[in-house]
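These notes concern the structure reproduced below.
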Protein chains: 2
Amino acid sequence: MEILTAVTALSALAQEHRLEIFRLLVREGVHGTPAGHIGEKLGIPLSTLSFHLSQLKNAGLINCRRESRTLFYSANYLSMNELMAYLTENCCEGNPDSCEIPVGCVPEKEK
Amino acid sequence: MEILTAVTALSALAQEHRLEIFRLLVREGVHGTPAGHIGEKLGIPLSTLSFHLSQLKNAGLINCRRESRTLFYSANYLSMNELMAYLTENCCEGNPDSCEIPVGCVPEKEK
DNA sequence: ACTATATTTCTATATTATTAGAAATATGGA
DNA sequence: TCCATATTTCTAATAATATAGAAATATAGT
């Protein structure tokens, strides 16, 4: 991963509204959620929401598909996991005794 | 984790110099690296470096200990992993078939 | 006390991001 | 074609962040 790709993704997540949006979409799953529902659930005006969705989309963290008049947004799990892998790359020079706490998209019941 | 804690950590990582600094420290391990070495390796003026180190420190992503005149900075692996867990929390409503790609601090050779 | 080293704090300037109302665009039904 | 719904783009005001030189602080050796 290019460092600018990672900075763009992290910048996209480094904002309260956008982090809420992203976590909502991570919870909702691959089918996606209409933009309007996101704004309603989080109490964000639609023009502001649209700005934040485009930031997340531009960073590759979310996907968008149209179904009639409705745009469904969904989390891009692959790019999320690539970002996390980038952060932990080569940790402890390959000797992770002191830091190994694997995380990822794993359901609560299996933890 | 509080959302503001996560936003602070993500904001700290969402900057090219700071992301380079953090990834360097993740690689170097728990013993830590003197501030001067970081600036030298990354070509960052010391006053600028100090500003960025304080942002990362304030976000809880790195630790600092003094040894004589030298300040050793090191990655805080626990808070890094907590941040990643926060991003993936409750993914896919507990049905991660479409997104399960666990990541974390695991050495290359074991991947 | 003096000097050298390691690092931080202060400062001002320059750059970038956030907000939400109003207008514009896209789609589909009558 | 006309209207309703869903969402985006435009706009301008406001706020926050990054930069690096110079001065200040902390530590240790002579």
Side-chain angles (χ1 to χ4, degrees), chain A residues 3-25 28 31-76, chain B residues 3-25 28 31-76:
Chain A
I3 189 158
L4 285 181
T5 307
V7 167
T8 303
L10 290 163
S11 298
L13 294 171
Q15 208 277 344
E16 195 166 345
H17 283 326
R18 289 198 295 266
L19 185 52
E20 286 184 314
I21 293 165
F22 182 73
R23 281 176 23 102
L24 175 67
L25 295 180
E28 294 285 335
H31 182 259
T33 308
H37 289 197
I38 300 170
E40 208 176 313
K41 278 194 183 174
L42 301 180
I44 304 173
L46 286 177
S47 68
T48 301
L49 177 68
S50 189
F51 167 77
H52 290 308
L53 287 171
S54 77
Q55 300 281 110
L56 287 164
K57 179 101 175 43
N58 183 252
L61 287 165
I62 64 175
N63 302 123
C64 180
R65 73 171 207 287
R66 181 179 283 276
E67 211 167 278
S68 177
R69 276 176 294 200
T70 304
L71 291 175
F72 285 77
Y73 284 92
S74 56
N76 184 334
Chain B
I3 190 159
L4 285 181
T5 307
V7 167
T8 303
L10 290 163
S11 299
L13 294 171
Q15 207 277 345
E16 196 167 344
H17 282 328
R18 288 197 296 265
L19 186 53
E20 286 186 312
I21 293 165
F22 183 72
R23 281 176 25 100
L24 175 68
L25 295 181
E28 294 284 335
H31 182 258
T33 307
H37 290 196
I38 301 171
E40 208 174 313
K41 277 193 184 175
L42 301 180
I44 305 171
L46 286 177
S47 68
T48 301
L49 177 69
S50 188
F51 168 75
H52 290 308
L53 287 171
S54 77
Q55 299 281 111
L56 287 165
K57 179 100 176 42
N58 183 253
L61 287 164
I62 64 176
N63 302 123
C64 180
R65 74 169 206 288
R66 180 180 283 276
E67 209 166 280
S68 174
R69 277 175 294 199
T70 304
L71 291 176
F72 285 78
Y73 284 92
S74 57
N76 184 336

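Proteins come first, then strands; the chains are lettered A, B, ... in the order of their sequence lines, and each starts at number 1. Note that the structure is a prediction, hence the values are computed from the model and not measured.
In this structure, Arg18(B) places its CZ atom 8 Å from C1' of dT17(D), rounding to the nearest Å. Between the C1' atom of dT19(D) and the CD atom of Gln15(B) lies a distance of 10 Å, rounded to the nearest Å. Distance Leu56(A) CG to dA17(C) P: 14 Å, rounded to the nearest Å. In this structure, the CD atom of Gln55(A) is 13 Å from the P atom of dT8(D), given to the nearest Å. Here dT8(D) presents its P atom at 11 Å from NZ of Lys57(A), a figure rounded to the nearest Å.
The base of dA28(D) is not paired with the side chain of Ser68(B) by any donor and acceptor separated by under 3.5 Å.
The shortest distance between the side-chain N/O atoms of Thr48(A) and the OP1/OP2 oxygens of dA20(C) is below 4.0 Å. Put simply, His52(A) has a side-chain N or O that comes within less than 4.0 Å of OP1 or OP2 on dT19(C). Of the side-chain N and O atoms in Arg66(A), none sit less than 4.0 angstrom from OP1 or OP2 of dT7(D).
A donor-acceptor pair is defined here as one N or O able to donate and one able to accept, closer than 3.5 Å; such a pair exists between the side chain of Arg18(B) and the backbone of Ala12(B).
Nearest to the side-chain atoms of Ser50(B) among the listed nucleotides dT7(C), dT8(C), dA20(C) stands dT8(C). You'll find that the side chain of Leu71(A) is closest to dT7(D), out of dT7(D), dA20(C), dA20(D). Relative to the side chain of Pro45(B), the nucleotides dT7(D), dA20(D), dA20(C) differ in distance, and dA20(D) lies closest. Of the candidates dT8(C), dT8(D), dT19(D), the closest approach to any side-chain atom of Ala35(B) belongs to dT8(C). In this structure, the nucleotide among dT19(D), dT8(C), dA20(D) sitting nearest to the side chain of His17(B) is dT19(D). When distances are taken from the side chain of Tyr73(B) to each of dA20(D), dT7(C), dT9(D), the shortest belongs to dT7(C). In the set dT27(C), dT18(C), dT7(C), the nucleotide with an atom closest to the side chain of Arg69(A) is dT27(C).
Using a 4.0 Å heavy-atom criterion, one finds that Phe72(B) contacts no nucleic acid atom at all.
The two residues Leu61(A) and Ala9(A) make their nearest non-hydrogen contact at CD1-O, 3.5 Å.
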